[in-house]
Amino acid sequence: MARPIPTVTTFAGPIVTGRLWPIVLVSSTLGFLAGALIEPTWQDVIEPAQVLAGVVRYLPDNPVYLYSVHTWTILHQLTALAIAAGIHERTLAILVSGGIGALSFAALSLTSRAMGAPALIATLSPVLIYTSGITRLLPGYPVTVLGWPYTYGLTAHGLLLLLLSLLGLRRDRAAALVLGLFPCVHPGVAIWAWLIAAGLGVVYRREAITRARVVLPWFLAGLAVTVVSAVYQWGWITPDLSESTPPAPELLRGIRQFWDSHRRPLDWSNLNVLVAIAIPIVFVWWQRQIGSSWPSQRRSIATSLLIAVAIAVCGDLAIGMLPESVGAILARPMPRRLLSLPVLGGLAWVIGVCTSPVVPAGVRVLTGWVFAGLTIVSLRTVGDLTMPRDVVREWIEPLGWDWTMVAATMMGLVGVAVVAALLFRRRIDSQWEHVSSRAFAGALVVSSLFLLANAAVDGPESLTRVRDSHTDALLRRTAARPGVLLTAANLHLIQAATRRPILIDGGALDALIYVPEAATVSERILRRVYDITLTRPGSVEVGADGALPEWHGEDTWPARTLEDWQAIRDRFGVTDVLTDHEWSLRLPLVVRDERLALWHIPARQP
């Protein structure tokens with residue numbers, strides 16, 4: 001028999017009383033190493049922090065400046081303090097990548113623990129979740145646990161999952177602190193986090209009333225930090241408000257329609273959306289199968305999932321049914337992103353449930369072997385150190401499957417194992433339970449060791465992908481030159497790597513949804529420089545990231561004469577142009593490498 005999890009029974013049901021700090025310490029360390037050494041990347045939080053720290057200066061009507069000072073998050077402020085203290089941006093990007101991995105892994109491991117997983121399995125379960133690719137099924141807002149530059153979405157998802165796991169573990173004080181801090185981390189997602197918490201309070205109102213006096217000081221402490229952060233940010237915003245003019249309604253409509261796919265209506269025929277909606281339903285069915293042996297804190301997690309999916313579905317439907325002006329306000333915090341929550345934490349919940357002592361022994365036997373097999377197969381994503389990578393390439397890729405289908409198949413195998421165990425629970429010998437549990441734990445240990453080995457061996461090479469003016473000759477030349485830089489197409493995070501002010505970020509036009517006051521000046525720049533408008537993008541295929549395609553301008557920019565470029569310099573103050581290395585402009589070439597080319601716009605002769 002599996003070793004029971006330490007619990008104590010209260011009016012709320014049995015709760016986990018074992019120490020959590022070893023689980024958090026080990027899992028967050030693995031996550032930090034994965035984020036910092038295996039998938040480090042530049043982070044969106046760096047550029048606004050450079051502006052707040054004063055190391056990059058703009059004119060007050062520049063769209064990048066307006067976004068940097070008008071978007072409120074303590075992530076900008078803390079990163080700005082680090083830059084002001086002398087920590088270099090490249091180092092910060094790597095540390096932030098690792099921090100996101102640490103938060104995500106810790107939240108996933110606590111989720112598995114809250115659902116009943118033994119300590120070792122809960123601690124190492126994020127390794128399976130990360131290597132399996134299951135998070136590629138995310139609908140609504142397609143970011144995974146790490147390896148993306150989208151600091152805000154990754155942090156908000158990790159923090160929301162952490163909040164639900166703390167509630168499930170009955171760490172109410174810590175959960176209240178997170179709830180109070182949430183608005184200063186991500187105000188949009190904080191709205192949904194508070195609604196989920198309020199829904200849980202209504203469902204479990206007797207317990208909520210009893211615990212309110214205990215958790216209120218912790219919530220107020222987090223809220224105090226939020227207020228201080230908001231007051232600081234307001235000091236940046238206030239001087240600009242008197243000079244800003246509201247954008248034309250058609251500009252905002254064009255941004256939502258053409259440049260912000262994250263807030264478009266959900267595709268109800270999409271498999272990922274249906275999977276996200278089905279997961280809470282499956283958990284409710286599971287609760288009925290287990291019956292009274294299902295602890296109440298795990299029921300609260302299932303309830304929170306139902307509330308989150310209900311908010312996402314109702315919010316998406318309301319956006320389409322309400323008047324456009326009202327629907328635009330509701331769409332801004334993006335309720336559909338909550339559909340990512342069941343998928344992001346789904347495998348962690350399944351691992352916790354299927355390895356919990358309260359489920360039938362047959363479930364633990366069958367799913368233990370399935371999880372052990374999936375863990376070994378998933379080693380293909382850890383790196384070239386693993387043999388299964390070649391096996392999977394030979395057997396699965398010829399079928400025409402992508403890794404989203406593979407991840408879905410993995411979850412399907414777990415589901416089949418669970419159903420089979422429930423149907424044939426009396427025919428499964430529980431003596432195999434001990435062996436299957438050890439096989440799963442052993443596979444997780446092996447996978448974690450491969451992860452650590454990959455971080456040690458490939459880490460130095462992975463760090464070279466985070467290029468800046470200290471590690472790249474072209475970026476060094478770019479950083480040393482004066483004036484505003486014009487970047488081609490979807491070149492993104494160039495300011496972060498060079499400390500050079502840019503005219504507009506063509507790789508993040510969807511950010512205009514957060515700073516509508518920048519829409520008017522952005523329209524002028526896009527129309528004159530990029531030959532495109534926010535309201536009529538023409539043939540431009542806007543991707544999920546709301547950016548210009550990488551090929552945009554490759555025909556029109558080389559056709560411009562020197563006089564055309566000088567007119568752009570006179571109008572917008574740009575002195576250099578950064579393009580893809582294959583482009584050829586009618587301008588003096590400063591430097592070219594295997595990725596980029598830097599061109600100079602000479603001033604007009606008097």
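We use all heavy atoms of the structure for the numbers below, so side chains are in, but hydrogens, waters and symmetry mates are not.
- Side-chain contact between Ile100 and Thr151 is present, with at least one heavy-atom pair separated by less than 4.5 Å.
- Nearest heavy atoms, Arg592 versus Ala597: CG-CB, 3.9 Å.
- Judged by distance alone, the side chain of Ser584 and the main-chain N or O of Pro558 form no donor-acceptor pair under 3.5 Å.
- Between the side chain of Ser229 and the main chain of Thr226, no donor-acceptor pair closer than 3.5 Å is present.
- Counting only distance, with no hydrogens or angles, the side chain of His186 and the backbone of Val189 share a donor-acceptor pair below 3.5 Å.
- Residues Pro63 and Val521 approach most closely at CG-CG1, 3.8 Å, considering heavy atoms.
- Using cut-offs of 30° and 60° for the angle between ring planes, the Trp557 and Trp583 rings count as perpendicular.
- Ile502 contributes atom CD1, which lies 9.5 Å from atom CG of Leu491 (distance to the nearest 0.5 angstrom).
- Atom CG in Leu160 sits 12.5 Å away from atom OG1 in Thr155 (nearest 0.5 Å).
- Note that OH of Tyr150 and OG1 of Thr41 are 9.5 Å apart. Values are rounded to the nearest 0.5 Å.
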Subject >> Stepwise side chain to side chain contact (heavy atoms under 4.5 Å, CB included) check, Trp565 with His600 >> reply: CA-CA 10 Å; Trp565 286 112; His600 175 59; over 6 Å; no
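- Heavy atoms from other residues, nucleotides or ligands lying under 6.0 Å from CD of Gln605 number 12 at most.
- More than 12 heavy atoms of other residues, nucleotides or ligands lie within 6.0 Å of CZ in Arg595, so this atom counts as buried by the packing criterion.
- A salt bridge is defined here as a Lys NZ or Arg NE, NH1 or NH2 lying under 4.0 Å from an Asp or Glu carboxylate O, and Arg586 with Asp564 fails to meet this definition.
- Not one N or O on the side chain of Gln50 forms a donor-acceptor pair closer than 3.5 Å with the backbone of Ala80.
- To the nearest 0.5 Å, atom CG of residue Leu103 and atom NE2 of residue His157 are 11.5 Å apart.
- No hydrogens or angles considered: nothing links the side chains of Gln43 and Tyr152 as a donor-acceptor pair under 3.5 Å.
- The existence of a salt bridge linking Arg336 and Asp316 is excluded, since no basic side-chain nitrogen approaches an acidic carboxylate oxygen closer than 4.0 Å.
- Side-chain contact check for Thr464 versus Thr471: every heavy-atom pair is 4.5 Å or farther apart.
- Rounding to the nearest 0.5 Å places CD of Gln566 at 5.0 Å from CZ of Arg604.
- The aromatic rings of Tyr65 and Tyr58 lie tilted to each other, with the angle between the two planes from 30° to 60°.
- When only modelled atom types and interatomic distance are considered, His492 and Asp44 share a side-chain donor-acceptor pair under 3.5 Å.
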Original post:
Leu474 and Thr478: side chain to side chain contact (heavy atoms under 4.5 Å, CB included), yes or no, with the steps?
Top reply: CA-CA 6 Å; Leu474 183 143; Thr478 303; 3.8 Å; yes
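- Using modelled atom types, one finds no donor on one side chain facing an acceptor on the other under 3.5 Å when comparing Asp593 with His581.
- Here the OH-OG1 distance, from Tyr514 to Thr71, works out to 9.5 Å after rounding to the nearest 0.5 Å.
- Side chain of Thr73 to main chain of Val185: a donor-acceptor pair is present (N/O by atom type, distance under 3.5 Å, no hydrogens or angles).
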Original post:
For His470 and Arg476, what are the C-alpha separation, side-chain angles and deciding distance, and is it a side chain to side chain contact (heavy atoms under 4.5 Å, CB included)?
Top reply: CA-CA 6 Å; His470 290 74; Arg476 187 180 306 117; 5.8 Å; no
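- Here the shortest heavy-atom pairing between Ile94 and Val466 reads CG1-CG2, 4.4 Å.
- A salt bridge does not link Arg467 to Glu89: none of the charged nitrogens lies less than 4.0 Å from a carboxylate oxygen.
- Closest approach of Ala53 to Ile83, counting heavy atoms only: CB-CG2, 4.0 Å.
- Side-chain contact between Asp531 and Arg560: present, with at least one pair of heavy atoms (C-beta onward) separated by less than 4.5 Å.
- Residues Leu509 and Ile504 are in side-chain contact: their nearest non-hydrogen atoms beyond the backbone lie under 4.5 Å apart.
- Taking each heavy atom of Ser28 and Ala106 in turn, the nearest pair found is CB-CB, 4.3 Å.
- The shortest heavy-atom contact between Asp468 and Trp42 is CB-CZ2, 3.6 Å.
- Using a cut-off of 4.0 Å between Lys/Arg side-chain N and Asp/Glu carboxylate O, Arg90 and Asp472 are scored as not salt-bridged.
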Original post:
Between Ser104 and Leu154, is a side chain to side chain contact (heavy atoms under 4.5 Å, CB included) present by the stated rule, with each step listed?
Top reply: CA-CA 8 Å; Ser104 299; Leu154 289 166; 5.8 Å; no
